[in-house]
There are 2 protein chains.
Amino acid sequence: MKHSEGLEWAIHSCSLLAALPPGTCLPSKLLAEFFDLPEAYLAKQMQKLSQAGIVETRRGPRGGYGLARPSADITLLQMVEAIDGDAQHFRCTEIRRCGPTGVANRHYTRPCGIARSLWKAEAAWREELNKVNLADINRMGQAETPPEQIAKALKWFQEKLAGA
Amino acid sequence: MKHSEGLEWAIHSCSLLAALPPGTCLPSKLLAEFFDLPEAYLAKQMQKLSQAGIVETRRGPRGGYGLARPSADITLLQMVEAIDGDAQHFRCTEIRRCGPTGVANRHYTRPCGIARSLWKAEAAWREELNKVNLADINRMGQAETPPEQIAKALKWFQEKLAGA
DNA sequence: CTATTTCGGATATATTATATCCGCAATTAT
DNA sequence: ATAATTGCGGATATAATATATCCGAAATAG
Ligand code: SF4
Ligand code: SF4
């Protein structure tokens, strides 16, 4: 019952792409360097985002990853599900039907209250995640990131992208 | 991002204890037989419930597990946290501070919008789980369990507990 | 066309979850 | 007292998953 480590990386990468000029492409090498993360494994996370249709890829020189649509159209839920999967957290194995007191399958018509309650809580969680999109996250980030860092980062990218 | 398998077992066991006459004690051997589950591993789950103070234990002959308080005072959240732990699902590793553009720690005052949004969704999930208690679950179960199975189960327990 | 860049699937390793086993302590029935 | 029952905790074995890396194929710039 926990998120994979790559989730933080993926969301940060999306957030960064959303903060840069629209259409910007960043290769995994640059992303990894910027966040000081293992490049090959970060690329795996980006691959998942790509498969989910959240980012587009451009191969070859000056290629990389870019957002596939406006940041306001990318929800937190979409990113979470791209990285951690969209399977239900609770998987019922129907143990009530087993054991010496189980009866024929046709007598069980719908999921029990246990499963329904757990799934309802999951739904509340997903609903909350779906209320937040990348644009929201960037608005918040803009407000809370130290100005020193914003300046430093802009300069760093200018040098890196120009030098290439 | 998923519940452990034992969660279903643990909740079913609690539900069963709540359905039987108050004060009933069931040993892990009987529970495992009733649900057709591996006894040793089910016992591990019951141990967690015991450590969390949800069930009480009685050692020795005619001992076993019994609810530690009325079923209306045991919430679904308490059982979930007893089995799957109460740690936050999202653990931020503060990658924004790393890399070539990080600045001194004192400039970061509070968790960012990413972490806050994910934690807020978790809170909604926990809140929903906290609305449901064992008594609710049993009410639902009573209504949806095939009457044939209820009769069968009662008879089974009568024989088992009398025969012992 | 060719050299370079970059993604993406296949592969390896580490960590965690699942499952079992056994000795010990506590309790009870006889 | 004694023997039988039962939970507890640690040690262990196995299966599943998460983490990390490698290398070939695809795409592009020149
Ligand atoms: S009673 Fe509910 S949780 Fe249990 S096996 Fe059936 S659907 Fe699953
Ligand atoms: S910016 Fe947010 S998610 Fe990223 S490291 Fe900081 S607190 Fe964690």
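What you see below is based on every heavy atom in this structure, not just the backbone, and it leaves out hydrogens, waters and symmetry mates. This is a predicted model, so every value here is computed, not measured.
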Within less than 4.0 Å of OP1 or OP2 of [N], is there a side-chain N or O belonging to [X]?
X	N	answer
A:Q51	C:dG9	yes
B:T57	D:dT6	no
B:S50	D:dG7	no

Side-chain contact, heavy-atom cut-off 4.5 Å: [X] with [Y]?
X	Y	result
A:R126	A:L129	no
A:F90	A:E122	yes
B:V80	B:D86	no

Subject >> Residue pair B:C25, B:E56: steps toward the side chain to side chain contact (heavy atoms under 4.5 Å, CB included) verdict >> reply: CA-CA 9 Å; B:C25 252; B:E56 284 175 341; over 6 Å; no

**OP:** For B:Q47 and for A:L42, locate the closest nucleotide of DNA chain D by heavy-atom distance; then report the residue assigned to the nucleotide nearer the 5' terminus.
**Re:** B:Q47

Can you name the closest pair of heavy atoms from [X] and [Y] and give their distance?
X	Y	answer
A:G141	A:T145	O-OG1, 2.6 Å
B:T101	A:A153	CG2-CA, 3.6 Å
A:G53	A:A68	O-CB, 3.4 Å

**OP:** Any ring-ring contact (aromatic ring centres under 6.0 Å, His included) involving residues 43-63 of chain B? Give me the pairs, sequence neighbours left out, ordered by first then second residue.
**Re:** none

I need the [atom1]-[atom2] distance between [X] and [N], as an integer number of Å.
X	N	atom1	atom2	result
A:R59	C:dC7	CZ	C1'	4 Å
B:K160	D:dT6	NZ	P	11 Å
B:R62	D:dG7	CZ	C1'	17 Å
A:Y65	D:dA27	OH	P	14 Å
A:E33	C:dT6	CD	P	12 Å
A:L49	C:dC7	CG	C1'	14 Å
A:L31	C:dG8	CG	P	13 Å
A:L30	C:dT5	CG	P	13 Å

Between the protein and nucleotides 14-20 of chain C, are there any N/O to N/O pairs under 3.5 Å, and if so, what are the atom names and distances?
from   : atom 1 : to   : atom 2 : distance (Å)
C:dT18 : OP1    : B:E5 : N      : 3.2

Subject >> B:N130-B:T75 side chain donor-acceptor pair, cut-off 3.5 Å >> reply: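 Checked: B:N130/B:T75 side chains pair up, N/O donor to acceptor below 3.5 Å.
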
Original post:
Do B:Y108 and B:E94 have side-chain atoms, one donor and one acceptor, less than 3.5 Å apart?
Top reply: no

Original post:
Which pairs pass salt bridge (charged side-chain N to carboxylate O under 4.0 Å, His left out) with one or both residues in residues 142-155 of chain A, sequence neighbours excluded?
Top reply: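 As it turns out, the salt bridge (charged side-chain N to carboxylate O under 4.0 Å, His left out) pairs with a partner in residues 142-155 of chain A, which skip direct neighbours, are A:E144-B:R110, A:E144-B:R116.
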
Subject >> Residues from residues 77-86 of chain B lying under 4.0 Å of DNA chain D - heavy atoms >> reply: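 Hits under 4.0 Å, by residue number: none.
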
Original post:
What residue pairs, at least two apart or across chains, pass side chain to side chain donor-acceptor pair (under 3.5 Å) with a residue in residues 5-31 of chain A?
Top reply: A:E8-B:T93, A:S15-A:N138

**OP:** With a 4.0 Å heavy-atom cut-off, tell me which residues in residues 14-28 of chain A come close to DNA chain C, sorted by residue number.
**Re:** A:P27, A:S28

